[in-house]
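The structure's right below; bear with me while I get my questions together.
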Amino acid sequence: MDVRESIKNLIREALLGLGLDASVEVHLERPANSQHGDWSTNIALALAKKAELVPRDLANEIKRVLEELYSEDISAIEVAGPGFINFYLDKSWLYDVLVQVVTAGSDNWARLGEGEGSEVIVEFVSANPTGPLHAGHGRGACYGDSVARLLERSGYSVAREFYVNDRGTQMDLFAASLAACVSGRDVPEDGYHGTYIKEWAEEIPEGDDPLVWGKQRALTAHKEVLSDLNIEFDSWFSETSMVESGAIEETLSMLEEANASYQRDGATWLKSTEYDDDKDRVLVKSDGEYTYLLPDVAYHLDKLQRAERLVNVWGADHHGYITRMKAAVESLGYDPKRLDVEVTQMVNLQRSGEEVKLSKRTGDIVELSEVVKEVGPDAARFTYLLQSIDTTQTFDLDLVSRRVNENPVFYVQYAYARIRSMMKKADEVGFEPLPISEIDLSKLQHSRELVLIRSLHELPEIVARATRELAPHQITTWLREFAADLHGFYHDCRVLGDEIEPSLTQARFVLMQGALIGLEVGMHLLGVSAPEEMWRDEVESSEGDG
RNA sequence: GCCCCUGUAGCUCAGCGGAUAGAGCAUCGGCUUCCGGAGCCGUGUGCGCAGGUUCGAUUCCUGCCAGGGGCGCCA
């Protein structure tokens with residue numbers, strides 16, 4: 001049993017012994033300050049009122065009973081602060097953790113089974129095929145892929161989907177813009193004015209339909225840059241395909257039968273106000289054309305039949321659509337809780353200190369492919385996943401590419417490469433690792449060593465929380481802290497060398513194997529590569545040679 | 001006017017209702033007998049404002065202020 005559970009059980013036992021309510025949730029936390037022990041509980045604070053005692057007095061009561069119960073694994077119990085009960089454990093539990101990590105390996109450490117194979121569809125990016133992806137799409141792309149990776153590691157069966165709006169007003173405008181360029185006319189005022197329109201127009205083979213060709217051109221561009229970012233979709237779901245299959249008309253009938261729609265002013269409306277929306281929304285315009293909403297509802301119906309849970313990643317400018325989509329889903333009898341819409345806030349791109357506006361319509365955009373080309377896929381992914389999607393992000397291309405020493409991704413990858421380098425050296429000097437059962441891990445006593453094992457122990461919880469909250473930046477944060485701990489270890493503790501006792505070398509080698517596993521798990525979840533080596537760029541020598 | 005996100009150190013950001021609120025960068029000062037110095041150690045300033053809930057609030061609730069985004073028979 002996990003140490004944590006056994007301590008919790010001990011606490012419950014103690015509560016029973018005092019005649020207190022043992023059915024309450026016992027919170028056992030790792031104190032932020034390591035001087036406060038290995039584990040800490042606030043149970044005395046939580047129950048003090050009911051017990052009609054001062055928290056510290058109750059804590060001391062509980063401590064007294066615990067001391068009669070506890071096993072030799074616990075070396076001390078203390079009451080501290082306003083009434084926390086702190087547990088100090090024998091270090092042996094950490095060595096057990098290290099064995100578990102190394103035994104599990106990077107494929108299995110922090111792999112959770114909670115999903116139990118249930119199906120999840122993660123839909124993300126879903127940009128219109130009317131032009132290249134821009135830097136803002138990169139955030140949703142990296143976020144969505146990382147969320148999919150988290151869900152996979154937690155045992156869900158995940159499909160990555162890209163919804164393609166390959167028909168409708170915007171597509172027509174796009175095609176018209178291309179056609180105008182081809183024939184040397186001005187692009188329509190409400191058309192697309194990006195410079196890529198001219199470039200693409202020059203590529204169109206004579207006689208090809210600009211809409212059909214343009215869609216393929218855009219999709220090719222999307223796939224290419226996403227592939228560069230190491231993102232592969234399981235399916236590209238076409239809106240047009242639902243016209244052909246009749247799914248859209250079918251959805252319209254279903255809404256009608258559910259009494260969720262009505263006719264007014266020649267249009268068909270969704271009664272979304274019955275589900276907290278400000279106003280009802282148009283499904284079919286008076287000219288007979290669908291709005292964006294109706295096909296998307298049809299798509300969501302399709303997804304709901306294929307998966308238990310849906311995760312959508314939308315940009316901040318689409319947040320207003322959440323209510324109406326959930327209204328549609330609910331009015332058709334589905335539980336809206338099965339649909340989880342995550343909204344990514346805007347990305348403000350900077351270059352040379354100047355803000356670059358990200359608007360596809362003005363033509364003044366920075367394409368995602370430029371970002372990837374400029375900073376590289378690893379730095380791009382890591383940077384997009386550096387912070388919570390709830391905050392507006394400032395992505396400084398200069399910072400991420402030019403000044404590498406300020407770039408966290410290199411810090412983390414370098415920690416990995418250093419260990420790899422040490423292991424290569426070990427191989428060269430003929431070091432032979434013993435089977436783990438023959439290694440005395442209790443040689444690991446340095447605080448630099450112990451902190452690493454504690455972090456490795458935390459990783460499964462971090463993965464669980466990041467999955468629960470769909471927040472991959474928590475993995476990024478863990479990685480940065482773990483890398484810092486590793487650099488600290490590397491600085492203070494040598495693994496190889498004549499002055500290091502052979503048994504300590506063996507123990508530290510195991511620790512480094514565990515560290516590699518932690519880094520690999522974390523970097524894999526972010527979709528960032530773990531390089532075995534990375535050499536400093538040749539620094540251009542300063543002028544003159546003194 | 002309504003809806004969503006944000007407001008924490010000079011800057012960029014972490015912070016699952018708890019103890020002395022943390023990192024990176026920037027500043028300043030140290031560390032080359034080193035498995036890779038892209039490293040390590042030290043150095044100080046902060047929770048937008050006001051209420052509420054709570055034993056305890058940066059965290060939850062309400063209001064206000066500020067910034068960003070959205071409110072179309074566009075997507």
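Here is how names work: the chains are called A, B, and so on, in the same order as the sequence lines, proteins then strands, and each is numbered from 1.
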Under a 3.5 Å cut-off for both distances, is B:C28 Watson-Crick or wobble paired, and to whom?
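B:C28 is paired, partner B:G42.
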Whether A:Tyr414 stacks on the six-membered ring of B:G36 base, 5.5 Å and 30° limits:
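Not stacked by the 5.5 Å and 30° rule.
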What nucleic acid atoms does A:Arg448 come within less than 4.0 Å of, heavy atoms only: base, sugar-phosphate, or nothing?
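Sugar-phosphate: the residue A:Arg448, judged by heavy atoms under 4.0 Å, touches backbone atoms but no base.
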Ignoring backbone atoms, test whether A:Gln345 places a side-chain nitrogen or oxygen under 4.0 Å from the OP1 or OP2 oxygen of B:C5.
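False: A:Gln345 side-chain N/O out of range (4.0 Å or more) of B:C5 OP1/OP2.
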Residue pair A:Arg480 / A:Tyr411, side-chain heavy-atom distance below 4.5 Å
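A side-chain contact under 4.5 Å is absent here.
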Identity of whatever pairs with B:G17 - Watson-Crick or G-U, under 3.5 angstrom
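Base-paired to nothing in any strand shown.
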Please determine, for B:U58, whether a Watson-Crick or G-U wobble partner exists with both distances under 3.5 Å, and give it or none.
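Matched B:U58 with nothing under the 3.5 Å cut-off.
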Hunt down the Watson-Crick or G-U wobble partner of B:G7, both distances under 3.5 Å, from any strand shown, or write none.
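Matched B:G7 with B:C65 under the 3.5 Å cut-off.
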Just call it for A:Lys424: base, sugar-phosphate, or nothing, with non-hydrogen atoms closer than 4.0 Å on any strand.
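Nothing, no heavy atom under 4.0 Å.
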So what does A:Arg494 touch, heavy atoms closer than 4.0 Å: a base, only the sugar-phosphate, or nothing?
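Base, at least one base heavy atom under 4.0 Å.
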When both hydrogen-bonding distances must be under 3.5 Å and the geometry is Watson-Crick or G-U wobble, what is B:G72 paired with, if anything?
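Pairing partner, where one exists within any strand: none, as none qualifies.
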Per-pair stack call A:His36 and B:A19, 5.5 Å, 30°:
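Yes; by the centre-distance and plane-angle rule, A:His36 counts as stacking on B:A19.
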Charged N to carboxylate O under 4.0 angstrom, A:Glu289 versus A:Arg167?
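A:Arg167 and A:Glu289: salt-bridged.
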A:Asn165 near the nucleic acid: base, sugar-phosphate alone, or nothing, with a heavy-atom cut-off under 4.0 Å?
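Here A:Asn165 touches the backbone only, sparing every base.
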